[in-house]
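All remarks here apply to the structure that follows.
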Amino acid sequence: MIDSIVTGLTGLTSGVVHLATHGGPNVVMLAIAAALLTLGVKKGVEPLLLVPIGFGCLLVNLPLSDLMDQGGFLRTLYDAGVANELFPLLIFVGIGAMTDFGPLLENPKILLFGAAGQVGIFLTLMLALALGFPELEAVAIAVIGACDGPTAIYVASQYAPQLLGPISVAAYSYMALVPIIQPPIMKAMTTEKERVIKMAAIKRSVSPTTRLLFPIVVTVIGGLIAPKGLPLLGTIMLGNFMRESGVVARLTKASENEIANIVTLFLGLAIGATMEGHAFLKPTTLAIFGLGFIAICLDTVAGVGFGKLVCWATGGKVNPLIGAAGISAYPMAARVVQVQGLRYNKKNHLLMHAAGANTGGQIGSVVAAAVMLSVLKGMGMI
């Protein structure tokens, strides 16, 4: 009887003993989990993502829980929606249902800002390759520069699953930090005269038919050019087609609310589950965060630089600040441009122009990932 009690008490304390003797990395990750939860709850930084990610990180770093073993709760979530890319694609349906491509369709030329905002992805890809990362890992790391969490998760889970944790956390962290990262770059690259340029209001003239045909045309053209990216492009355009059709309001509402919310919860927990201390705390993780930061900075530099070029070509009719919205952090990047525009000119409302560039960046990030994956397929690497 006494032996049984001793054995039971030993079992109760085995987690504490394991953490004390072998769990140094887990203790560090528990602190990181606490930091993520604090950012989400106290600071309001991407709480829908950081709260489940932080809690998943907390769970997986408590020793001997077996949550990520075969049949465990977190492993089941991971296998059900991350290992097969289902969760990111379902989120893309919701993003498409929430996205208004009207500002882009009003001025299609602004799509070029979305293309310029992806330059950092390809520059970072070359830098990652130069640092010795294998091709598939380099692509997955470079996609962080898209500033688009679902795209980064989709590419990493499919082609570099061993890096999914740091890539996912870096992607969503930098998305949340866009209002901090971009303004200094925007100010440094523009003159006071350029920052106060007031742009003409956008005329609303896009017909419902054009709005309805747009997602179909983009899906067909994108699928023919870069077929490996069709799951990404097709799901976001499916959501947008449902939105513009107006005949499936229940499906549209479910996609942008109930489905998106449930999938975000499961996805966050599954991502947090990849952050086990012994696997996460490696020099590679620091390199990923560094390269992701460089990618987003380069995207902003390229976007604003392109804005300056367009400003010069149009005789000063375009405010180059809108180039910063060419990344895919929708609609956060557009809001950053609006805030900065008002900061330098109280009558300067750049939101609609920035929203056009931002939706272009949403498409551009998906196309950039699709192009890289299609090139790798052409080289026989996937």
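Fair warning: this is a prediction, and the values are worked out from it, not measured in the lab.
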>> Clusters formed by hydrophobic residues whose side-chain heavy atoms approach within less than 4.5 Å: which one holds V217, and what are its other members?
In response: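 Same cluster as V217: I221, I225.
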> Linking Ile, Leu, Val, Met, Phe, Trp and Tyr through side-chain heavy atoms less than 4.5 Å apart, which residues share a cluster with V93?
Replying inline: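 When side chains under 4.5 Å apart are linked, the cluster holding V93 also contains L238, M242, V247, V248, L251.
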Run the side-chain donor-acceptor check on residues 331-339: report pairs under 3.5 Å with partners two or more places apart or on a different chain.
from: Q338; atom 1: OE1; to: L350; atom 2: N; distance (Å): 2.9
from: Q338; atom 1: OE1; to: L351; atom 2: N; distance (Å): 3.0
from: Q338; atom 1: NE2; to: H349; atom 2: ND1; distance (Å): 3.4

With sequence neighbours excluded, residues passing side chain to side chain contact (heavy atoms under 4.5 Å, CB included) with [X]:
X	answer
M352	P103, I202, R204
A115	none
K347	K198, N345
A368	Q118, I121, F122

>> F214: which residues meet the ring pair (Phe, Tyr, Trp, His ring centres under 6.0 Å) condition with it, sequence neighbours left out?
In response: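 So F214 forms a ring pair (Phe, Tyr, Trp, His ring centres under 6.0 Å) with F101.
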> In chain order, what residues pass the ring pair (Phe, Tyr, Trp, His ring centres under 6.0 Å) check against F280, with sequence neighbours excluded?
Replying inline: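 So F280 forms no ring pair (Phe, Tyr, Trp, His ring centres under 6.0 Å) with any residue.
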> Who are the salt bridge (charged side-chain N to carboxylate O under 4.0 Å, His left out) partners of E137, not counting sequence neighbours?
Replying inline: none
>> List the residues meeting side-chain hydrogen bond (donor to acceptor under 3.5 Å, both in side chains) with T274, not counting sequence neighbours, and say none if there are none.
In response: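 If we apply the side-chain hydrogen bond (donor to acceptor under 3.5 Å, both in side chains) test to T274, skipping adjacent residues, there are no hits.
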List, one per line, each side-chain donor-acceptor pair under 3.5 Å for residues 76-92, sequence neighbours excluded.
from: T76; atom 1: OG1; to: G72; atom 2: O; distance (Å): 2.8
from: N84; atom 1: OD1; to: L86; atom 2: N; distance (Å): 3.1
from: N84; atom 1: ND2; to: A80; atom 2: O; distance (Å): 3.1

